[in-house]
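The next block holds one structure in the form of structure tokens; read it before the comments.
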Amino acid sequence: MIELNSVNKSFGDLQVLKGIDLSVAKGEVLSVIGASGSGKSTMLYCINALEQIQGGSISVDGLDVHAKSTDINKLRQNIGMVFQQWNSFPHLTVLDNVALAPKIVLGKSADEARSIAEKQLQHVDLGDKLDTYPTRMSGGQQQRLAIARALAMEPGYMLFDEVTSALDPELVGEVLDTLRLLREDGMTMIVVTHEINFARDVSDRIAFFHQGVIEELAPAKELVNNPQRQRTQQFLSKVL
Amino acid sequence: MLDASLNSDIQLKLFISLASLLSSGTHMDYTFHWRPVIKALPDLFSAALVTLEAAVLSMLLGIIFGLVLALMRLHGSRPLSLFATVWIELARNTPALLQLFFFGFGLGAFGWHLTPFTIVLCGLAFNNAGYLAENFRGGFQAIPAPQYKAARSLGMSATQTYTRIIIPQVFRLVYYPMTNQMVWAVLMSSLGMLVGFRELSGETQFLASNTFRLFEFFLAAAVFYYLLVKLILLAAHLLSRRLFTY
Ligand SMILES: Nc1ncnc2c1ncn2[C@@H]1O[C@H](COP(=O)(O)OP(=O)(O)OP(=O)(O)O)[C@@H](O)[C@H]1O
Ligand SMILES: [Mg+2]
């Protein structure tokens, strides 16, 4: 379970998260929507301690993320993350992109790491690209590579930060399909997205962010079809 | 370049007159004697190797210190960042000769006497590090932030992230400036003769004054430098094709 308790986060004088309370149960898929600058990415970064917080607490499987005693590299192995773009390591082949972390973080042998990587790459339909360099692949393929790379660490949780926003429209589908597969496998996920229809169909709940607070949090279909808050209605009418 | 700025006709005339000048020496009072140079070729060759050795070692040190300086400037505390800034500013904005003299006569004044080789190595490494640090800094800034975040999110430590993900990419970005600095290090090492270092220039000076064949020896040294630089550029090119397959 991922739990956020009154989380505050500021960059200098700018408060970006203002008392976020949220819990995501094992097996749940939560989508996060909201306007640009409302703090969605920042919240994801706080969950795996890529950013520090100024108040409140975050725990993952009961472990306090921001406690001094927490082994942060160990914790991150349990939380996969995929970004909007610039995910793939351009100097490594597709195979090495995926095999590197199992090797140097988990201490797997070269053979083990290779077979883990091959398995994950086949899973996202990149089994024929092992020796290619990511720069020679489409944006959609690179995003699927990033997903495979995160999954190779066998994380309990996955965080997605607008993984389709930088893609050409015709490539969005293949990446969303990969997320759907993950959902079917029972992966616990937080998905920041602008794809409202995808969020409605695939997630259990949706959180609507507005200026650093969760303005509305509801079961997915309810939030999209029957939003309670005026700001949610305004946002949805703009994007749908 | 000669080829670029002169047409071939002029180049030919120049070549002929230079050739006749060197072989007969009839146009001037100076008569050319190449025998001493030819006899000294093995000495010049081993001196060229000393030059290469000093340049390569000073580059390796320069790369290590340059990386550290760049990281200090980007991520260090104020004192560290200030230290790096002072180093970089001095290295880039004062004559290389003075930097060499600092490690020679400067430290010597405080009773710290380094060997000529060490003086040249320190001086060149100081200079290389200063120039490379700025290249590296630009390289680090050019790597998109998600590269770092993605590596850390996989559980890699900061050190693993830098050594496996960030620095390899930076090296590619700054490969050509680095090659230039290597060439520069070879040429700068000739200043070593002024602190008593017997590299290619020092050795040339020594042989020339022993035999009084100044022009011949320095011309031969120039050819050695030229070939050395061309070899380094070729090696760098071949290496880059092996290293950067992406
Ligand atoms: N490293 C940083 N330093 C300073 N301010 C930052 C930093 N990162 C984000 N911010 C600011 O924090 C606010 C929230 O940013 P964040 O990226 O979390 O928004 P977002 O909801 O993900 O927006 P988008 O949909 O555009 O990705 C913005 O005002 C942004 O300018
Ligand atoms: Mg964002």
Side-chain angles (χ1 to χ4, degrees), chain A residues 41 44-45 47-51 71-94 96-107 131-137 142 145-147 149-155 157-163 166, chain B residues 63-64 66-67 70-71 74-78 80-81 132 135-179 236-246:
Chain A
S41 301
L44 294 190
Y45 297 159
I47 291 173
N48 69 355
L50 287 172
E51 290 287 356
D71 180 347
I72 198 62
N73 294 330
K74 192 126 193 118
L75 177 104
R76 285 180 182 143
Q77 292 163 28
N78 194 27
I79 311 172
M81 183 154 188
V82 182
F83 302 83
Q84 183 172 340
Q85 56 182 349
W86 309 114
N87 276 296
S88 50
F89 304 137
H91 60 303
L92 300 177
T93 62
V94 167
D96 288 339
N97 258 273
V98 183
L100 180 64
K103 230 180 317 191
I104 68 174
V105 176
L106 301 178
D131 298 320
T132 313
Y133 283 92
T135 42
R136 310 226 171 94
M137 302 199 308
Q142 292 195 39
L145 164 61
I147 294 169
R149 189 177 62 194
L151 292 176
M153 302 300 284
E154 300 189 346
Y157 304 90
M158 286 289 291
L159 310 178
F160 293 93
D161 190 8
E162 294 191 34
V163 293
Chain B
I63 288 170
I64 294 166
L67 280 172
L71 290 173
L74 286 170
H75 304 297
S77 59
R78 270 195 67 83
L80 285 182
S81 157
L132 291 173
N135 292 327
F136 289 146
R137 189 165 69 110
F140 281 122
Q141 285 172 328
I143 306 292
Q147 290 285 302
Y148 180 84
K149 285 195 164 81
R152 296 307 305 269
S153 77
L154 289 164
M156 291 185 206
S157 66
T159 311
Q160 287 173 330
T161 299
Y162 272 95
T163 55
R164 309 301 288 256
I165 305 299
I166 307 293
I167 290 175
Q169 295 185 57
V170 169
F171 270 149
R172 176 170 194 173
L173 289 174
V174 303
Y175 190 76
Y176 288 100
M178 254 163 71
T179 311
H237 176 70
L238 294 176
L239 190 66
S240 77
R241 295 234 298 225
R242 265 199 70 97
L243 287 178
F244 308 127
T245 41
Y246 59 97

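The analysis underlying the following values was restricted to heavy atoms, covering all of them including side chains, and did not include hydrogens, waters or symmetry mates. Here is how names work: the chains are called A, B, and so on, in the same order as the sequence lines, proteins then strands, and each is numbered from 1.
Between chain A and the options B:A151, B:P146, B:P168, the largest number of non-hydrogen pairs under 4.5 Å is found for B:P146. Put simply, of A:N87, A:I104, A:L50, A:N48, the one with the most heavy-atom pairs under 4.5 Å next to chain B is A:I104.
Within the 4.5 angstrom heavy-atom criterion, no atom of B:R172 approaches chain A. Looking at A:F89, both its backbone and its side chain come within 4.5 Å of chain B, counting heavy atoms on both sides. Of the atoms belonging to A:Q85, it is backbone heavy atoms, and not side-chain ones, that fall under 4.5 Å from chain B. Both the backbone and the side chain of A:M81 come within contact range of chain B, with heavy atoms under 4.5 Å apart. The part of A:S88 that comes within reach of chain B is its backbone (N, CA, C, O), which places non-hydrogen atoms under 4.5 angstrom from that chain. At a 4.5 Å heavy-atom cutoff, B:A145 makes no contact with chain A through either its backbone or its side chain. For chain B, the nearby part of A:R136 is the side chain; its heavy atoms alone come within less than 4.5 Å.
Here A:E51 contributes atom CD and B:K149 contributes atom NZ; the two are 5.5 Å apart, rounded to the nearest 0.5 Å. Of the inter-residue distances, the one linking A:M153 atom CE with B:S153 atom OG reads 9.0 Å to the nearest 0.5 angstrom.
Taking both residues in full, the closest heavy atoms of A:Q77 and B:G155 are given as CG-CA, 4.4 Å, listed atom of the first, atom of the second, then distance. In terms of heavy atoms, A:F83 sits closest to B:A150 at CE1-CA, 3.5 Å. For A:A101 against B:L154, the heavy-atom pair with the smallest separation is CB-CB, 4.0 Å. Scanning all heavy atoms of the two residues, the minimum distance from B:Q160 to A:V105 falls at OE1-CG2, 4.0 Å.
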For residues 237-246 of chain B, which side-chain N or O atoms pair as donor and acceptor with protein atoms under 3.5 Å away, sequence neighbours left out?
unit_1, atom_1, unit_2, atom_2, d
B:S240, OG, B:H237, O, 2.8
B:T245, OG1, A:Y133, OH, 2.7

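By the 4.5 Å heavy-atom criterion applied to side chains, B:Q147 and A:P90 are counted as neighbours. A heavy-atom distance below 4.5 Å is found between the side chains of A:L100 and B:M156.
No more than 12 heavy-atom neighbours from other residues, nucleotides or ligands sit within 6.0 angstrom of CZ on B:R164. With a 6.0 Å radius and a threshold of 12 heavy atoms from other residues, nucleotides or ligands, A:E154 has its CD atom at or below the threshold.
For B:F136, the ring-ring contact (aromatic ring centres under 6.0 Å, His included) test picks out B:F171, with sequence neighbours left out.
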